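Presented below is the structure to which this report refers.
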Amino acid sequence: TPCAAGSFSDQSGSVSCDLSAAGHYSAEGAVKCEECSAGQYQERTSATECEDCPAGTFGTNTAATSCDKCAAGFFNPLQGQTSCQECPAGTVTENVGQLACVECDAGSYSISSSKCELCPAGLFSDDKAAVCSPCTAGTYTPHEGSSGCLLSPAGFYVDSEGAVDVKKCPVGFFC
């Protein structure tokens, strides 16, 4: 009688079959178990097939009994992968095991692939920014986390980039 799927016998004259170990599988009548491929796992013994690592995880080793979650700053939208992808600039994942990255909000930028930070005063950003931009001459922002800059009000001026406040027009001038 052949060994059932999920078991094997590698000796002639055997009276019983051995179960496939976790991380392995076998078909009916097997003389040895096969290792699960990288990107797959099997946590049970006596398996007939391996499972693909779920999205948000990866598997680098053969004969794996589990998969690893993608680290913060990395993502994996597909099953059966051997690595995760780093989030592109302007996007992040703050938690492990993510399927996709999220965009940094306007007024912030990605300081790494796992963290968005507010733009400092004098700088601003749109959505999905990798860097903050300075306010141009004639504009300013006194607040961190700005998504735009303010125009200098009448009677005041801004003569440099990245300004956090305005200057009062001097006597004898108008602005």
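Count residues from 1 along the sequence. It should be emphasised that the depicted structure is a prediction, and the values quoted were computed from it without experimental measurement. Side chains included, hydrogens not; waters and symmetry mates left out as well; all remaining heavy atoms used.
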Using atom types as modelled and distance alone, determine if a side-chain donor or acceptor of [X] lies under 3.5 Å from a backbone N or O of [Y].
| X | Y | value |
| --- | --- | --- |
| Asn76 | Leu99 | no |
| Gln40 | Ala38 | no |
| Thr93 | Phe74 | yes |

What is the distance from atom [atom1] of [X] to atom [atom2] of [Y], rounded to the nearest 0.5 Å?
| X | Y | atom1 | atom2 | answer |
| --- | --- | --- | --- | --- |
| Leu123 | Glu161 | CG | CD | 10.0 Å |
| Cys175 | Tyr157 | SG | OH | 7.0 Å |
| Ser125 | Glu117 | OG | CD | 11.5 Å |
| Thr60 | Asp68 | OG1 | CG | 6.5 Å |
| Asn61 | Ser66 | CG | OG | 9.5 Å |
| Leu118 | His143 | CG | NE2 | 12.5 Å |

Minimum side-chain heavy-atom gap [X]-[Y] below 4.5 Å:
| X | Y | value |
| --- | --- | --- |
| Gln42 | His24 | no |
| Gln98 | Cys84 | no |
| Ser37 | Cys50 | no |
| Cys87 | Phe75 | yes |
| Cys116 | Val102 | no |

Would you name the heavy atoms of [X] and [Y] that are closest together and state the gap between them?
| X | Y | result |
| --- | --- | --- |
| Ala22 | Thr65 | CB-CG2, 3.6 Å |
| Val96 | Lys69 | CG2-CD, 3.9 Å |
| Leu151 | Thr139 | CD2-CG2, 3.8 Å |
| Glu94 | Ser114 | CG-O, 3.3 Å |
| Val92 | Cys104 | CG1-SG, 4.1 Å |
| Pro153 | Val166 | CD-CG1, 4.0 Å |

Task: Residue pairs passing the salt bridge (Lys or Arg N to Asp or Glu O under 4.0 Å) test where at least one lies in residues 165-175, sequence neighbours excluded - done: Asp159-Lys167
Result block: side-chain N/O donor-acceptor pairs under 3.5 angstrom for residues 2-9, not counting sequence neighbours:
residue : atom : partner : partner atom : Å
Ser7    : OG   : Ala4    : N            : 3.3
Ser7    : OG   : Ala4    : O            : 2.7
Ser9    : OG   : Gln11   : O            : 3.3
Ser9    : OG   : Ser14   : OG           : 2.9

Task: Phe156-Leu150 co-clustered via ILVMFWY side chain contacts under 4.5 Å - done: yes
Task: Pair Thr62, Glu35: side-chain N/O donor-acceptor within cut-off below 3.5 Å - done: yes
TODO: Would you sort out whether Cys119 and Tyr109 count as a side chain to side chain contact (heavy atoms under 4.5 Å, CB included), showing the intermediate values?
DONE: CA-CA 7 Å; Cys119 293; Tyr109 67 106; 4.2 Å; yes
